[in-house]
2 protein chains.
Amino acid sequence: MAKEEKLTHSEENYLKVIFQISGQSRDRVSTNALADKLCTKASSITDMLKKLADKKLIGYKKYNGCELTTKGESIAVEIIRKHRLWETFLVSKLSFGWDEVHDVAEQLEHIRSLKLIDKLDQFLDYPKFDPHGDPIPDKDGNITYRKSKIRLAESAVNTLVEVVSVDEDSQSLLKYLDEIGLKLGSGIKVFERIPFDGSLKIEIVGGQKMYLSEKVAENIGVRFIEKL
Amino acid sequence: MAKEEKLTHSEENYLKVIFQISGQSRDRVSTNALADKLCTKASSITDMLKKLADKKLIGYKKYNGCELTTKGESIAVEIIRKHRLWETFLVSKLSFGWDEVHDVAEQLEHIRSLKLIDKLDQFLDYPKFDPHGDPIPDKDGNITYRKSKIRLAESAVNTLVEVVSVDEDSQSLLKYLDEIGLKLGSGIKVFERIPFDGSLKIEIVGGQKMYLSEKVAENIGVRFIEKL
DNA sequence: CTATTTTTTTAGACAAGACTAAAATTTTGG
DNA sequence: CCAAAATTTTAGTCTTGTCTAAAAAAATAG
């Protein structure tokens, strides 16, 4: 049993965001990157990084960013597990839209209860993915990433791909995707990439032909299905 | 639309506890009573009462306790609504025991979402009472108290009564009631009140004959059924 | 390779919410 | 009615997490 010093919501948030920014590759995370994502000033970040380093949750070297320790990572993953399970609950049981769950889940992810999350997981029948297509870590913190996932912005032209995830951070993006009828599982035919602005000429299978900006395409995860 | 200044968890807790202590009769609440219930020092209470008074959530006069304003009361009732709905969720959907829900609900009651609570209410099919038998305020803040409810400690001898509520504050009480097989809806035959310590000789209908201490009997709400 | 720009850290301040110790007020008991 | 006891408030301190402004280090450009 490690010492179960409990963290504040704020500390938990920092760990979560460090995890998210560092990505699968576990890169070191810069102070400014955190300030951006957390909407605070760099000086506040520095303060907190010192505290987290004291608690052995991150490695931190002045002017050289930080990275999670094993302990810090396992806490971060736990928070992400909670976040994604709650999102799943909100969508599948309370019929929230996928664009409405993020803010509420940001609050719910900090509820402390040994029992609650496992019961919720069970109640939801052990879902593997959340409403945005992101994998839900299991009880032991294992995350099974979809190895074949790429960004729509990077997919080749003249291919058919399937939408497997969308970035959940922006409500307005999700609303827009809703409007154009793009969902998880949708097929997308990629016809052409416009050199000028990187936008894509596509067809949502069973739906409309249209152009998607590069920025939108960067926030959509797909897997390759076939050449056209 | 009133100004929707949002309150901290702490402020919400104060309002909730002021409501609970003042009871149906809306009595003024003393500083010490709050300190006891909130497990803080009286000086901390004074500080907070000043803040709440500034925000017009309570009436406060030095050395004379406080009482909720209309605005404060409606916020308190909202928190209680959330608390009781979450408890109901935990017990009826996640199969928590009635003795396990209080602490988690104390956290969940502070989740802020316009939509969440109404959706939850709907999901639970608009329950009228929580797992401890307390009434759940409706969307508009109306609470329908059971007018016929008395404390078991005060019920007459040689009567049959029905358990309609138990105080939820103490996990150990609830566990004990579980052990002796006492539930909401249980019938209790009250045979005798021992003058020495106020304990009661009872029979749980369909269960055992036994003695209940006065302290336990004070925490059980019942309604009269018939004379024996 | 130095000068400027960018990033990061330090120093000092503040608000929230708690605490302790001491002072003030109210209540109570003879 | 006055003295002791209980309650409540004030004053000053602490921690957490944020901020601004200024200093320090690193990165970049000519």
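Just so it is clear: chains get the letters A, B, ... in the order the sequence lines come, proteins before strands, and each one is counted from 1.
- Ring geometry for A:H9 against A:H110 counts as parallel: the plane angle stays under 30°, on a 0 to 90° scale with 60° as the upper cut.
- A straight line from NZ of B:K61 to C1' of D:dT9 spans 15 Å, rounded to a whole angstrom.
- Summarising the geometry, the separation between NE2 on A:H110 and P on D:dT16 is reported as 18 Å, rounded to the nearest angstrom.
- Checked by atom type and distance alone, the side chain of A:R28 pairs as donor or acceptor with a backbone atom of A:N64 at under 3.5 Å.
- Contact of the B:K119 side chain with the A:K93 side chain is not registered, since no non-hydrogen atoms from C-beta on lie closer than 4.5 Å.
- Within the 3.5 Å criterion, the main-chain N or O of B:S155 finds a donor-acceptor partner in the side chain of B:R193.
- Taking atom OH of residue B:Y60 and atom P of nucleotide D:dT8, one finds them 9 Å apart after rounding to whole Å.
- Atoms CG and CG, from A:L173 and A:D99 in turn, are 10.0 Å apart once rounded to the nearest 0.5 Å.
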### Message
Walk along nucleotides 14-29 of chain C from 5' to 3' and tag each nucleotide B, S or - by protein heavy-atom contact under 4.0 Å, base first, then sugar-phosphate.
### Response
--SBSBBB--BSS---
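- Here D:dT8 presents its P atom at 9 Å from CG of B:L34, a figure rounded to the nearest Å.
- For C:dT8, the OP1/OP2 oxygens have a side-chain nitrogen or oxygen of A:N32 closer than 4.0 Å.
- Computed from coordinates, the A:K50 NZ to D:dT18 C1' distance equals 14 Å when rounded to whole Å.
- Side-chain contact between B:K55 and B:K71 is absent, with no heavy atoms from C-beta onward closer than 4.5 Å.
- At whole-Å resolution of the value, CZ in B:R28 and P in D:dT8 are 12 Å apart.
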